Amino acid sequence: QVQLVESGGGSVQAGGSLRLSCTGSGYTARRSCMGWFRQAPGKEREGVATIFSDGSTDYADSVKGRFTISEENAKNILYLQMNSLKPEDTAMYYCASGLSLRACALWRLATLSDYRGQGTQVTVSS
């Protein structure tokens, strides 16, 4: 059974940084992608960043230039380095993995990913 466990969330002031981690276990199939999506109170889920099996990445326009997604394949750990945080980045952040490319588009990640973690809260104060 695949499990994804996020960590690294917390409270920071605007302009600060956080690094989220997601540790995966139980994989039996090759993944097409890993990614992060978020959900703020009262808002729809939003794909934030994706890293594909070939190492290519994709980011939401709202985080481009501020967030960086990376992974350590040997350890099954996914990271999201978040810099220059803004109050509008406040949300629960979830990691996800997709076995097929169809699940890997940012706008589909939250709904079509095969596995998702329980989330870690990020709060950015002004």
Side-chain angles (χ1 to χ4, degrees):
Q1 182 179 0
V2 174
Q3 287 190 322
L4 301 175
V5 180
E6 302 95 337
S7 61
S11 297
V12 295
Q13 290 191 326
S17 298
L18 283 173
R19 188 175 81 156
L20 306 184
S21 300
C22 171
T23 302
S25 61
Y27 284 110
T28 58
R30 188 173 182 272
R31 306 181 295 278
S32 291
C33 70
M34 295 286 296
W36 295 91
F37 65 92
R38 65 188 180 186
Q39 187 167 26
K43 295 189 176 181
E44 293 187 356
R45 289 174 289 184
E46 174 191 21
V48 174
T50 302
I51 184 165
F52 294 86
S53 58
D54 65 356
S56 60
T57 57
D58 192 20
Y59 295 92
D61 287 343
S62 58
V63 306
K64 278 181 183 175
R66 300 188 297 122
F67 290 12
T68 303
I69 189 171
S70 62
E71 62 181 344
E72 286 188 64
N73 281 322
K75 297 182 179 180
N76 281 331
I77 302 177
L78 179 73
Y79 300 104
L80 185 68
Q81 178 66 46
M82 305 186 296
N83 299 328
S84 303
L85 283 161
K86 303 176 181 179
E88 51 264 42
D89 294 319
T90 295
M92 186 73 80
Y93 283 72
Y94 302 86
C95 73
S97 66
L99 301 182
S100 67
L101 284 174
R102 180 171 174 266
C104 295
L106 281 176
W107 66 277
R108 288 175 171 166
L109 189 64
T111 54
L112 295 186
S113 51
D114 296 275
Y115 306 105
R116 306 173 200 121
Q118 294 300 306
T120 185
Q121 177 68 38
V122 172
T123 302
V124 185
S125 58
S126 58

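From a predicted model like this one, the values you see are computed outputs, not experimental measurements.
- Rounded to the nearest 0.5 Å, atoms CG (Asp114) and CG (Leu99) are 3.5 Å apart.
- Residues Asp89 and Arg66 are in side-chain contact: their nearest non-hydrogen atoms beyond the backbone lie under 4.5 Å apart.
- With Glu6 contributing its side chain and Gly119 its backbone, the two residues share a donor-acceptor pair below 3.5 Å.
- With rounding to the nearest 0.5 Å, the separation of CG in Leu4 from OH in Tyr115 is 9.0 Å.
- For Arg31, there are no salt bridge (charged side-chain N to carboxylate O under 4.0 Å, His left out) partners, not counting sequence neighbours.
- With Ser113 contributing its side chain and Ala96 its backbone, the two residues share no donor-acceptor pair below 3.5 Å.
- Heavy-atom neighbours of Gln121 CD from other residues, nucleotides or ligands within 6.0 Å: above the threshold of 12.
- Separation of atoms SG (Cys33) and CG (Asp58) is listed at 10.5 Å; rounding is to 0.5 Å.
- Within the model, atoms CG of Leu112 and SG of Cys104 stand 10.0 Å from one another, a figure rounded to the nearest 0.5 Å.
- Listed for the Thr120 side chain is a donor-acceptor partner under 3.5 Å among the backbone atoms of Gly9.
- Other members of a hydrophobic cluster containing Trp107 are absent, since no ILVMFWY side chain comes under 4.5 Å of it, directly or through relayed contacts.
- Nearest heavy atom pair, residue Trp36 against residue Ile69, reads CD1-CD1, 3.7 Å.
- Using a 4.5 Å cut-off between side-chain heavy atoms of Ile, Leu, Val, Met, Phe, Trp and Tyr, Leu101 falls into a hydrophobic cluster with Phe52.
- The distance from the OG atom of Ser125 to the NZ atom of Lys86 is 15.5 Å, given to the nearest 0.5 Å.
- Nearest heavy-atom pair across Pro87 and Ala14 is CD-CB, 4.1 Å.
- Residues Val48 and Phe67 have side chains in contact (heavy-atom distance under 4.5 Å, counting atoms from C-beta outward).
- A salt bridge links Asp61 with Lys64: the closest approach of a Lys/Arg side-chain nitrogen to an acidic carboxylate oxygen falls below 4.0 angstrom.
- Distance check, rounded to the nearest 0.5 Å: CZ of Phe37 to CZ of Arg108 gives 15.5 Å.
- By the salt bridge (charged side-chain N to carboxylate O under 4.0 Å, His left out) test, Lys43 is found to be paired with no residue, residues two or more places apart in sequence or in another chain being considered.
- With a 4.5 Å cut-off on side-chain heavy atoms, Tyr79 and Cys22 do not count as touching.
- A pairwise comparison of heavy atoms in Thr90 and Val124 identifies OG1-N, 2.9 Å as the closest pair.
- Taking each heavy atom of Ser17 and Ser84 in turn, the nearest pair found is OG-N, 4.3 Å.
- Following chains of ILVMFWY side-chain contacts shorter than 4.5 Å, one can reach Tyr93 starting from Met34, so the two form part of one hydrophobic cluster.
- Here side chain to side chain donor-acceptor pair (under 3.5 Å) pairs that include residues 45-54, with residues two or more places apart or in two chains, are Arg38-Glu46, Glu46-Ser62, Asp54-Ser56.
- A search for salt bridge (charged side-chain N to carboxylate O under 4.0 Å, His left out) contacts involving Arg19 returns nothing, not counting sequence neighbours.
- Counting heavy atoms from C-beta on, the side chains of Thr68 and Leu80 never come closer than 4.5 Å.
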